[in-house]
Amino acid sequence: MSQKIDAERAIYPRLEEAFDALKWYLARRPDSGYLMDDVHWLFKQSGDTQAKIPSLVAVYTFDHRQLEILHLLVRLPHL
């Protein structure tokens, strides 16, 4: 994940903050996403155009011990 964050940081200076917020939220409410199959979940986090915070879309799995973000899509936030 850090390569994705590093690659997009020049475009979105607050991307790391947004990603930290995503991890914090999902660690506390992992079942708030959309269950895609037996183990993979999808969660969309809104961004903020004026604050230059991107929208994030994460595919992840979790169990009672840990949450693992498998894929992360960084998108322009909707107006």
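Computed from heavy atoms alone, side chains included, the values below leave out hydrogens, waters and symmetry copies.
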Heavy-atom nearest pair, G47 first then S55, reads N-OG, 3.2 Å
Would you confirm whether E68, through its side chain, and Y60, through its main-chain N or O, come within 3.5 Å as a donor-acceptor pair? no
Do you know which two heavy atoms are closest between T61 and V39, and how far apart they sit? CG2-O, 3.3 Å
Side-chain heavy atoms under 4.5 angstrom apart, residues restricted to Ile, Leu, Val, Met, Phe, Trp, Tyr: same cluster for L15 and L76? yes
Please name the pair of heavy atoms, one in M36 and one in L42, separated by the smallest distance, quoted to 0.1 Å. SD-CB, 3.7 Å
Min side-chain heavy-atom separation L26-F43 under 4.5 Å: yes
Would you say Q66 has more than 12 foreign heavy atoms packed within less than 6.0 Å of its CD? yes
Pairs flagged by salt bridge (charged side-chain N to carboxylate O under 4.0 Å, His left out) wherever residues 41-57 is involved - sequence neighbours left out: none
Mind checking the NE2-OH spacing from H40 to Y34? Nearest 0.5 Å is all I need. 14.0 Å
Under the side-chain contact (heavy atoms from CB on, under 4.5 Å) test, which residues partner I11, sequence neighbours left out? E8
Quick one: list whatever passes side-chain contact (heavy atoms from CB on, under 4.5 Å) with D38, sequence neighbours left out. none
Among residues two or more places apart or on two chains, list those pairs meeting salt bridge (charged side-chain N to carboxylate O under 4.0 Å, His left out) that have a residue in residues 12-35. R9-E16, R14-E17, D20-K23
Are W41 and F62 an aromatic pair by the rule of ring centers under 6.0 Å? yes
Quick one: ring-ring contact (aromatic ring centres under 6.0 Å, His included) partners of Y12, sequence neighbours excluded? none
Which heavy atom of P30 sits nearest a heavy atom of A27, and at what distance? CD-O, 4.1 Å
Taking the side chain as C-beta and beyond, is there a heavy-atom pair between L56 and L73 under 4.5 Å? no
